[in-house]
Amino acid sequence: MSVITIIGCRMFENEIMHLIENDPEIGKVLVVENEDCDGIMKKMAKAGIAHIALPLEEIPEKSAGKDKGLTLIVYMLEFSLHAIPENLKKTVYSKVELMAPCSDGVLLFYGLCGNVLGNIEKDFEALDCKVCILKEENGDIVDDCISAVLGGRGNYQKVLKNGRDGATFFLTPMWAANWREMLRAAGMTQDPNNIEMSKFVFDYAGYKKVARINSGLAYEKDFDACVKEFATLFEFEVTELEGTLQLVENCYAKTKASVFDACPHIQA
């Protein structure tokens, strides 16, 4: 049985859930047990997806057996890593090194994230495990989680250029559900409950609008309410944007293909 590990920021919980729910080739789902796995495990349980949570030290190394099917290991990491880019790089690299012996392929649900992950595929090309990161069709690594769900840098920049009446802040469902924690992780404020200070930062940066990105996923039931609260607190105009899952679906499909091509005897 081939093994793919997804290592990802919690901001991608919903997109990862979408892939798991829609891949009939997955035979087993393992979740690395840590402080950041509760969210996706609750979503799996609600969706009726069988999964096993194991401490990192109990995740089995990949076997050389000829069983068909795919085992997917999910390793979620905390939002706050983004606060210090070098810490993000150090942590993600260390997790790849830990998971490589357990995996035929690793897919990173991250973007450039402050330009610290731009060389990660090259840095691990000698591993006996294919390491991939979210990329656009032209091979460029996505900028961040917003760029990924907008379909890439071109669409992202198009929206930004259209913001003639002030900058736009983007909210995906996970961003909306966790915006207070994310403002702190992004270094915008030490106290996300201090709305006046956060509002001062937004005003100074020229933000006037908040974009509600509809990705078509309904895992966050309070998405609309969270966007409305955010817009009201910071006096932002709400605009609507259509997101897309095509980029993450394509990256996942390519990672699977590379793993199955390397191990054709275990393809489902």
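Predicted model only: the values in this text are computed from it and were never measured.
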Would you say [X] and [Y] make side-chain contact, with heavy atoms under 4.5 Å?
X    : Y    : result
C129 : V106 : yes
C9   : F79  : yes
C102 : I59  : yes
M11  : T172 : yes
L108 : V131 : yes
F109 : I6   : yes
I73  : I4   : no
F260 : E25  : yes

Within one Ile-Leu-Val-Met-Phe-Trp-Tyr cluster: I84 and M182, side-chain cutoff 4.5 Å: no
Looking at every heavy atom in both [X] and [Y], which two are closest together, and how far apart are they?
X    : Y    : answer
C226 : A177 : SG-CA, 4.1 Å
I26  : Y252 : CD1-OH, 3.6 Å
E21  : I49  : CG-CD1, 3.4 Å
A211 : T168 : CB-CG2, 3.6 Å
S80  : A185 : CA-CB, 3.8 Å
S198 : T189 : OG-CG2, 3.6 Å

Using atom types as modelled and distance alone, determine if a side-chain donor or acceptor of [X] lies under 3.5 Å from a backbone N or O of [Y].
X    : Y    : answer
E121 : I133 : yes
S258 : T255 : yes
N14  : Y219 : no
R153 : I141 : yes
S94  : T91  : yes
K62  : S103 : yes
N22  : H18  : yes
N34  : C37  : yes
N178 : E181 : no
D104 : V3   : yes

Looking at the rings of [X] and [Y], which for Trp means the six-membered one, are their centres under 6.0 Å apart?
X    : Y    : answer
F169 : F230 : yes
W179 : F234 : yes
F202 : F236 : yes

What's the spacing between [X] [atom1] and [Y] [atom2] if we round to 0.5 Å?
X    : Y    : atom1 : atom2 : answer
L88  : C113 : CG    : SG    : 5.5 Å
H82  : C145 : NE2   : SG    : 6.5 Å
F170 : S147 : CZ    : OG    : 10.0 Å
I16  : I7   : CD1   : CD1   : 10.5 Å
I40  : K42  : CD1   : NZ    : 13.0 Å
E33  : L56  : CD    : CG    : 11.0 Å

Test log, rule side chain to side chain donor-acceptor pair (under 3.5 Å), inputs Y110 and D144: CA-CA 7 Å; Y110 282 96; D144 52 31; over 6 Å; no
Going by an N to O cut-off under 4.0 Å, is there a salt bridge joining [X] and [Y]?
X    : Y    : value
D203 : K199 : yes
D224 : R212 : yes
E125 : K130 : no

Heavy atoms of other groups near [X] [atom1], more than 12 under 6.0 Å:
X    : atom1 : answer
E58  : CD    : yes
D128 : CG    : no
K43  : NZ    : yes
E57  : CD    : yes
M41  : CE    : yes

Derivation of the side chain to side chain donor-acceptor pair (under 3.5 Å) call for E240 and N214: CA-CA 7 Å; E240 299 286 332; N214 176 23; over 6 Å; no
Partner of L72 under side chain to side chain contact (heavy atoms under 4.5 Å, CB included), chosen from L19, I20, L107: I20
side-chain contact (heavy atoms from CB on, under 4.5 Å) between V142 and Y156, worked out: CA-CA 10 Å; V142 299; Y156 199 1; over 6 Å; no
Trace of the side-chain contact (heavy atoms from CB on, under 4.5 Å) decision for M76 with V74: CA-CA 6 Å; M76 305 306 300; V74 179; 3.6 Å; yes
side-chain contact (heavy atoms from CB on, under 4.5 Å) evaluation trace for V238 with K209: CA-CA 6 Å; V238 178; K209 302 177 183 178; over 6 Å; no
Chi angles and distances behind the salt bridge (Lys or Arg N to Asp or Glu O under 4.0 Å) call for E13, R10: CA-CA 5 Å; E13 269 184 13; R10 281 195 58 214; 2.9 Å; yes
Verdict with supporting geometry, H51 and L30, side-chain contact (heavy atoms from CB on, under 4.5 Å): CA-CA 6 Å; H51 59 281; L30 303 179; over 6 Å; no
Evaluation steps, side chain to side chain donor-acceptor pair (under 3.5 Å), between Y93 and D123: CA-CA 9 Å; Y93 271 60; D123 289 342; 2.5 Å; yes
